[in-house]
Amino acid sequence: MNQFTYYAPTEVIFGQGTVSKAGEAVVDAGGSNVLVIYGGGSVIKNGTLAQVTASLDAAGISYTTEGGVQPNPRLKLAQALVDKYEGKGIDFLLAVGGGSVIDTAKAVGMGLYGGSPVWDYYERKRPVTGEIPVGVVLTIAAAGSETSDSAVLTNSEICVKRGCSTPFNRPRFAIMDPELTYSLPSYQTACGVTDIMMHTMERYFAKDAGQNRMTDEIAEGLLRTVMEYGLIALEEPTNYQARSEIMWCGSLSHNDITGLGRPKDFAVHQLGHQLSAVYDLAHGASLSAMWGHWARYVCREDMARFANLGRKVLGIRCDDEERAVLATIQGFMDYWATLGMPISLSGAVGLQYDMVLKDLAKGCSYNGTRKIGSFVQLDQDDILEIYRLANV
Ligand code: NZQ
Ligand code: ZN
């Protein structure tokens, strides 16, 4: 096995009814003056926010609530919250929602601790040296932000969606009550399953990936599990077993356990982030739209690995390697189509002119100044070719 460091400090409080432990968890984490952050209103409609605040009240915690986080969360709101709460003694941030809410809380935590402008941390203009701690009550299994070290924001003024990764971003605790996800619209359930798969696959395809067998087995098992229960959850939204399996897969897919001992690739995420920045496309849809076309572009780098994944996860039996690879790629695309996800750029945002694709490639490569991916490093020309392949 290759060397690795594994750091997953988030306390996971998992299962039916755990939402009532929010107050206790905040006290244990040392919070006393709490800013509760939520999204566009689903947690008001389904009663989750009321459950959380009742638990905070019972624990005698002082708190303020702020809503309005939108999917593909905006820098503007995070910065506004930092400006509003600077100097107010907030010592804990409680995110009640999904990746967008959690990432906003993380950004606010960086800003309240280290100062403004928040975007500086995303542009690596200054290092993150600490953060007001964040806790999570998770309402959608998808982004994995409840245990990850990353926070992703969209700066809509310059059409850029960018992540900031630091160990300080790891939440102190994540309350994961699968019943909170019963109210998810099918599309969001499908987007979540897609994202969970992608976090696993973006780590599976890595240079010299073959030596960490246990890591592979975890990744393959996770993919089989989330794919099976994803279909069940779409049929039966209140199936507890399905919702809980998906929720746990979501955290494991992005707390690094599926990628130990190898570099991450994450090229598909970068291709997708550019689509979300420009078209405000849901994150999961931006990934399913791109993966198959990325895979066809890079698969010759390690055909055996693609074929292996297809055999282990999709049950592909073909001995011919080339055919097995093509069947693997098609198999995953077919699965996402079954979930109702787009599997092409045109399926996601409509057929685009070539000049638009050139602009996307320019944005994704930061004007040609960066390459994406590590399995195969892709420059602006490669990125353009993949957008072209996807534009069918
Ligand atoms: O805003 P509300 O009204 O709450 O509705 C949300 C939102 O419309 C809804 N929703 C969430 N829980 C619900 C619910 N609706 C009904 N019942 C519930 N229980 O779902 C919609 C999507 O929510 P969002 O938080 O955007 O979803 P997700 O968790 O997929 O997060 C996506 C964001 O996370 C980023 C993505 O780029 C995207 O911006 N990511 C963050 C990562 C990280 N920090 O580690 C890694 C990921 O790769 C990803 O990039
Ligand atoms: Zn993702």
Side-chain angles (χ1 to χ4, degrees), residues 10 19 37-49 51-52 67-75 77-78 95-107 122 134 136-156 160-166 169-171 174 176-203 233 237-238 243 246-247 250-251 253-256 264-277 280-288 290-291:
T10 304
V19 63
I37 301 180
Y38 62 95
S42 69
V43 294
I44 296 177
K45 242 184 265 165
N46 60 24
T48 300
L49 187 64
Q51 287 176 282
V52 171
V69 175
Q70 62 195 101
N72 295 318
R74 305 300 200 268
L75 167 67
L77 178 66
V96 184
S100 297
V101 172
I102 303 166
D103 289 1
T104 300
K106 290 175 177 178
Y122 290 76
V134 173
V136 173
V137 175
L138 188 65
T139 66
I140 171 173
S145 183
E146 67 278 7
T147 55
S148 83
D149 68 352
S150 159
V152 184
L153 280 188
T154 296
N155 183 339
S156 45
V160 171
K161 184 173 182 180
R162 199 159 173 172
C164 173
S165 294
T166 156
N169 270 338
R170 302 267 188 191
M176 297 169 54
D177 181 342
E179 288 189 340
L180 301 187
T181 66
Y182 286 177
S183 56
L184 278 170
S186 305
Y187 181 65
Q188 289 300 338
T189 297
C191 280
V193 167
T194 305
D195 194 18
I196 292 166
M197 291 172 66
M198 215 61 75
H199 295 151
T200 312
M201 292 156 94
E202 297 260 38
R203 291 174 167 91
T238 58
R243 290 296 191 185
I246 295 170
M247 198 172 233
S251 292
S253 78
H254 203 37
N255 78 352
D256 286 339
K264 299 176 198 174
D265 184 70
F266 274 72
V268 177
H269 267 69
Q270 301 310 324
L271 294 163
H273 281 345
Q274 190 59 24
L275 299 184
S276 293
D280 200 15
L281 183 64
H283 178 58
S286 76
L287 304 172
S288 60
M290 296 311 303
W291 186 84

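Counting starts at 1 for both ligands and their atoms, following the listed order. Computed from a predicted model, the values in this text were never measured in an experiment.
- Here the heavy atom of the protein found nearest to atom 13 (C) of ligand 1 is Leu184 CD2, 3.3 Å.
- Atoms of ligand 1 lying under 4.0 Å from at least one heavy atom of Thr139, given by number and element, are 11 (C), 12 (N), 13 (C), 18 (C), 19 (N).
- In His269, the N, O or S atom that comes nearest to the Zn ion (ligand 2) is NE2.
- Taking 4.0 Å as the cut-off between side-chain N and carboxylate O, Lys106 and Asp149 do not count as a salt-bridged pair.
- Between His273 and His269, the ring planes are perpendicular. Angles over 60° get that label, and only those under 30° would be called parallel.
- At a heavy-atom cutoff of 4.0 Å, ligand 1 is contacted by no atom of Met198, backbone or side chain.
- Contact annotation: for Asp103 versus ligand 1, heavy atoms closer than 4.0 Å belong to the side chain alone.
- Listed by number with element, the atoms of ligand 1 under 4.0 angstrom from any heavy atom of Pro185 are 15 (N), 16 (C).
- Residue contacts with ligand 1: Gly41 is placed with a nitrogen or oxygen under 3.5 Å of a nitrogen or oxygen of the ligand (distance criterion only).
- Of all the atoms in ligand 1, the ones that sit under 4.0 Å from a non-hydrogen atom of His273 are 37 (O), 50 (O).
- Taking only nitrogen or oxygen atoms, main chain and side chain alike, Ala142 does not reach within less than 3.5 Å of ligand 1.
- Only the backbone of Leu180 comes within 4.0 Å of ligand 1, counting heavy atoms alone; no side-chain atom from C-beta on gets that close.
- Nearest protein heavy-atom contact of atom 22 (C) of ligand 1 is Gln188 OE1, 3.4 Å.
- Annotation: side chain of Leu153 is in contact with side chain of Tyr122 (closest heavy-atom distance under 4.5 Å).
- Checked by distance only, ligand 1 and Gly99 come closer than 3.5 Å through their nitrogen or oxygen atoms.
- With Lys161, His283, Glu146 as candidates, the residue nearest to atom 39 (O) of ligand 1 on a non-hydrogen basis is Lys161.
- Per-residue contacts place Asn72 under 4.0 angstrom from the following atoms of ligand 1 (heavy atoms of the residue considered): 39 (O).
- For a threshold of 3.5 Å applied to N or O pairs, the pair formed by Ser42 and ligand 1 contains at least one separation below that value.
- In terms of polar-atom proximity, defined here as any N/O pair under 3.5 Å, Pro71 makes no such contact with ligand 1.
- Every atom of ligand 1 with a heavy atom of Ser148 under 4.0 Å away is listed here by number and element: 43 (C), 44 (N), 45 (O).
- Here the Zn ion (ligand 2) is the vertex; the OD1 atom in Asp195 and the NE2 atom in His199 give an angle of 80° (to 10°).
- Atoms of ligand 1 found under 4.0 Å from any heavy atom of Pro73 (numbered from 1 in listed order, with element): 39 (O).
- When hydrogens are left out, the protein atom nearest atom 47 (C) of ligand 1 is His199 NE2, 3.3 Å; that is the closest non-hydrogen contact.
- When distances to the Zn ion (ligand 2) are checked against a cut-off of 2.8 Å, His254 contributes no N, O or S atom below that limit.
- Closest to atom 1 (O) of ligand 1 among all protein heavy atoms lies Gly40 N, 2.7 Å.
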